[in-house]
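From a predicted model like this one, the values you see are computed outputs, not experimental measurements. In what follows, every heavy atom counts, from backbone to side chain, and hydrogens, waters and symmetry copies are set aside. Reminder, nothing fancy here: chain letters follow the sequence lines and each chain counts from 1.
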2 protein chains.
Amino acid sequence: MIDAAGLRVMKAIADEGSFTSAANALGFTQPAISQMVRRLEQRTGTVLVERYGRQVRLTEAGQVLARHAVGVLAALDAAEEEITAIAGLRAGRVRLQAFPSSSATLVPRTLAILKARHPDITVTFTEAEPPESLAALRNGDCDVAVAFAYEGGDLGELEEDLSLLVTRRLMDDEVRLVVPGTHPHAGDGAASLADFSGEEWIAGCPRCRGHLLSLADTAGFRPNVAFETEDYVAQLGLVTAGLGVALVPDLILNAAKHDEVATLPLSPASRRQILAVTTPDLQRVPAVAAALDALCEAAGADPKASTAELVGAKA
Amino acid sequence: MIDAAGLRVMKAIADEGSFTSAANALGFTQPAISQMVRRLEQRTGTVLVERYGRQVRLTEAGQVLARHAVGVLAALDAAEEEITAIAGLRAGRVRLQAFPSSSATLVPRTLAILKARHPDITVTFTEAEPPESLAALRNGDCDVAVAFAYEGGDLGELEEDLSLLVTRRLMDDEVRLVVPGTHPHAGDGAASLADFSGEEWIAGCPRCRGHLLSLADTAGFRPNVAFETEDYVAQLGLVTAGLGVALVPDLILNAAKHDEVATLPLSPASRRQILAVTTPDLQRVPAVAAALDALCEAAGADPKASTAELVGAKA
DNA sequence: AGGATTCCATAATCACCGGTTATGATGAGG
DNA sequence: CCTCATCATAACCGGTGATTATGGAATCCT
C-alpha cells in the first residue's frame, strides 16, 4: 500500500515546501510528484497534502508519512550500504573448512594473504575431514571446503559428493614411503611397494588407509597394519621408533620435522589432489572468490587454470 | 535501488525456506518470486540466494536484506496503521479557533459532542477574532475557524478573506438593543434605532463597533460612543449601571446573566451570521469533517444545508 | 535403479505503475 | 492589469512486475 518511493516523495515535499522544488530535489519533473501524491492519496484514502492557493502543505496524515519516511529511508540506505560493502569486499564473511593436514601450511598462508588483501572480511576456519566439510558445504554451514582425493583411488566415492559442486585444483601432493633411518632400503632412490609387503604398516585416516590398501592390492599383497592414527606426527614418531613404515604425503613432510626417518618416492608415484570446493553460486560471492584466489595462490597454483576437472575422473 | 517489495520477498524466502512457499505466503506465484530475486540480484550486483540442488538458501547478502526487512516493513506497517487510524477517526487532530463570544456555549457544546462521538481525536481550541483565525487558517496553523459576519455590513471586507475557503453557516445570531431596566423604552416590543440617537453608546469589538456605526448611519445619526470594551459581560454591566445602551448579539444574551436590563429586538432586525470556515482540502479530512458536523449540530443547524453561500454576499 | 514428485528457471504475454512532455488554470506579485 | 510561478491534467510510453505454460533437474519413494 505504501512504498519507499511514496515516502521519499512525501519527505521531499515536507523538506522543500513545494511540489516543484521537491521534484528538483528528487530529479523528477513536477507532474511526477503531482500524480504520485494523488496516487498515494487515493491509495490511503486520506488527504495528504493541503493545496491552498498556489502553495501546498502537508496535512496531519501527510506529516505522519513524512515523519516515518526518515526512519524507513535511513534503514533502506543502511541495507544498501551493507550490500555494497559486501560486494566491494569492505565487509563479508567466509567460512572455511579444511582437512587437518592442510592446516599446517596451506590454510595459514591463505589466511595471511586474505587478511593482507581484504582486511575487513571475516574468515572463519574449522578443521574437518573431507566428507564432513563437504556435508557442511551442502548443508549451508560452510562456504569453502579444502578437500583431498587420492588419484585413481577413492575419486569414485567422492564423485557423488562433488555433484552440484565446483572444484578448483590447488596442488598435487605426492605420497612418499617413510621408513626408519636404519631401514635397509633407507638409501634407495625410489621404493617399489612390493618390496615392503613384509613390513608392519602404520595407517592414517580411514581414507588414507583405504589408499594404502588399494596401492598394496595392485602391488599384489595385503599390508599388515599394526597401528592406526590420524595424527601424522604420531605416525612419524612410530616410524622413527622403528615400529613400521607409512605412506605420508609431501604436505606433511614439508611441515613436520622428520630428521630420523627416510622418505622415499614411490615407484610408480602416487599423488593426492588438494582441492578447493564450493558451490556454483557461492563462487560468485566476492569474499568467497577472494578466498579461493588466496587458496590457489597459497598453494602455488595458477588461479586461472583452476576450475579444471579432477585428474582421473572418468571422462 | 531496494524497494519494500523486494525486502518483503527476501523476508518471505528467509521465513519459508523456499521460493514456492514464499510465493504462497505472499499470495504470488512461484515465477514471480523467482524473477523478483533475479532482478534484485542484478540490481544490487550481488548473489542473494544460493541455489543448491532444488533447495535455496540466502547468502550473507541475502540475510542482510532479510534482516533489514523486518525493521523496514514494521515501520511501513506502523505508518499505514497511523494513516488508517486517522482515516477511521481513531486518531487525528483538529485545531479550532473561534471568536471569544462563541466560546461561551457553541464551542463547549461542540467539544462535548466531538468527545462523545470520537473520543480518540485530539481537539485544540484557541480564541481568536475572525481576522486572526482566518489568517491562521490560511497560514496552516488552524483547521477550522469559527467566525461571524454582520449582515450587509462587513461582508465585503470579509469576502476577500474567504476566497479559497469554504464556509458552513452555523446559525443566525440576532442583535438586540440592550437598555437599562429603568429606561423609558424598556417595555417596548421593538426598538427603532433612531429613537436612541441621543443615548450614550457602549461599543464592543472593532468590527461590532463598525456594525453599530453602519446601522446608525442608515438610521440617520452618528452614535455617541462613550465606552468601548471587547468584554460583553462588562458591556452588560455598564448598561446595568445606567451608563448607556449597547447592541448585543443573542448568543451572548443566552449565555450571560442579564436580569436588570431590557433586551429589545431591533426594527428592522439585524443579524450576524456565525460561520465555520475551513479549506476545501481540510474539509475532506475525517477529523475536520467531524468537527464541522459537531459545530453544526451544536449550533442547531442542518448539517446538510451547510455549505451554502453567505446570506447577502453579492450574487 | 527408475519413476513420480517437487522445486526452480525460463519464455511469452500483458496490465499498470510511474515517468515524460505539453498544456491549461489560477493565485500571487510587480 | 499583466506576468510569473505553481499545481493539475492529458496524452503518451517504457519498464516493472505479475501471470500461465513449460521445461529441467534433484530428491524421494518403491
Side-chain angles (χ1 to χ4, degrees), chain A residues 1-10 12-13 16-44 47-59 62 135 137-140 159-165 279-281, chain B residues 1-10 12-13 16-44 47-59 62 135 137-140 159-165 279-281:
Chain A
M1 181 171 172
I2 301 176
D3 60 346
L7 289 185
R8 211 180 305 272
V9 167
M10 292 305 293
I13 296 173
E16 303 289 331
S18 80
F19 285 12
T20 303
S21 45
N24 290 335
L26 294 179
F28 293 151
T29 57
Q30 171 263 316
I33 306 297
S34 192
Q35 55 188 327
M36 185 73 193
V37 170
R38 185 174 49 181
R39 272 194 298 270
L40 263 181
E41 285 187 329
Q42 59 195 27
R43 239 181 255 172
T44 61
V47 181
L48 298 177
V49 173
E50 185 193 346
R51 288 90 162 164
Y52 179 80
R54 86 180 185 193
Q55 65 178 316
V56 295
R57 51 183 175 242
L58 300 188
T59 64
L137 196 57
R138 253 191 310 281
N139 202 29
E159 199 165 306
E160 72 179 33
D161 284 356
L162 290 178
S163 77
L164 300 184
L165 298 177
T279 70
D281 286 329
Chain B
M1 182 171 172
I2 301 176
D3 61 344
L7 288 184
R8 211 181 304 272
V9 167
M10 291 305 293
I13 295 173
E16 303 290 330
S18 80
F19 284 13
T20 304
S21 44
N24 290 334
L26 294 178
F28 293 151
T29 57
Q30 171 263 317
I33 305 297
S34 193
Q35 56 187 326
M36 185 74 193
V37 169
R38 186 175 47 183
R39 271 194 298 269
L40 264 181
E41 284 186 331
Q42 60 194 26
R43 239 181 256 172
T44 62
V47 182
L48 298 177
V49 173
E50 185 193 348
R51 288 88 162 167
Y52 178 81
R54 86 181 186 192
Q55 64 179 316
V56 295
R57 50 182 175 242
L58 299 189
T59 65
L137 196 57
R138 254 190 309 281
N139 202 30
E159 199 163 306
E160 71 181 34
D161 283 357
L162 290 178
S163 76
L164 299 184
L165 297 177
T279 71
D281 287 328

Take A:Leu40 and A:Val9, measure what side-chain contact (heavy atoms from CB on, under 4.5 Å) needs, and give me the verdict at the end. CA-CA 10 Å; A:Leu40 263 181; A:Val9 167; 5.6 Å; no
Between C1' of C:dT10 and CZ of B:Arg51, the distance in whole Å: 13 Å
Could you check if a side-chain atom of B:Asp3 sits within less than 4.5 angstrom of a side-chain atom of A:Asp3, using non-hydrogen atoms only? no
May I have the distance from A:Asp281 (atom CG) to D:dA26 (atom P), rounded to whole angstrom? 13 Å
D:dT19 phosphate, OP1 or OP2: any side-chain N/O from B:Thr29 under 4.0 angstrom? yes
side-chain N/O A:Ser34 vs D:dC7 OP1/OP2, d < 4.0 Å: no
Given side chains that start at C-beta, do those of A:Leu7 and A:Ile2 come closer than 4.5 Å, heavy atoms only? yes
Check this for me: does the side-chain of B:Gln30 come within 3.5 Å of the base of C:dT6 through a donor and an acceptor? no
Please tell me if B:Arg38 has a side-chain N or O lying less than 4.0 Å from either OP1 or OP2 of C:dA9. no
For D:dT16, does either OP1 or OP2 sit under 4.0 Å from a side-chain N or O belonging to B:Arg39? no
For DNA chain C, whose closest nucleotide is more 5', that of A:Pro31 or that of A:Phe28? A:Phe28
Identify, between A:Arg43 and A:Gly53, the residue whose nearest nucleotide on DNA chain C lies closer to the 5' end. A:Arg43
Where the side chain of B:Ser18 is concerned, which of C:dA9, C:dC8, C:dT20 is the nearest nucleotide? C:dC8
Which one, C:dG18, D:dC7, D:dT27, comes nearest to the side chain of A:Phe19? D:dC7
For a side-chain contact (heavy atoms from CB on, under 4.5 Å) check, start with the C-alpha distance between A:Glu41 and A:Thr59, then their side-chain angles and the critical distance, and finish with the verdict. CA-CA 11 Å; A:Glu41 285 187 329; A:Thr59 64; over 6 Å; no
To the nearest angstrom, how far is A:Ile33 atom CD1 from D:dT9 atom P? 16 Å
In whole angstroms, the gap separating P of C:dA9 from CD of B:Gln42 amounts to 13 Å
Atom-pair distance (CG on A:Leu164; C1' on D:dA26), nearest Å: 7 Å
Euclidean distance, atom CG of residue B:Leu48 to atom P of C:dA9 [Å, nearest integer]: 12 Å
Between A:Asp281 and B:Val49, is a side-chain contact (heavy atoms from CB on, under 4.5 Å) present by the stated rule, with each step listed? CA-CA 8 Å; A:Asp281 286 329; B:Val49 173; over 6 Å; no
Please determine whether side-chain contact (heavy atoms from CB on, under 4.5 Å) holds for the pair A:Ile33 and A:Leu26, giving the CA-CA distance in whole Å, both sets of side-chain angles, and the decisive distance to 0.1 Å. CA-CA 9 Å; A:Ile33 306 297; A:Leu26 294 179; 4.2 Å; yes
Nearest-Å distance, CD1 (B:Ile13) to C1' (C:dA9)? 14 Å
Return the nearest nucleotide to the side chain of B:Gln35; candidates are D:dA18, C:dT20, C:dC8. D:dA18
Would you mind telling me which of D:dA8, C:dT10, C:dC7 lies closest to the side-chain atoms of B:Thr20? C:dC7
Expressed as a whole number of angstroms, how long is the span from B:Asp3:CG to C:dC17:P? 15 Å
On the nucleotide C:dC8, are OP1 or OP2 found under 4.0 Å from the side-chain N or O atoms that B:Arg57 carries? no
So, under a plain 3.5 Å distance rule, would you say the side chain of B:Arg54 forms a donor-acceptor pair with the base of D:dA25? no
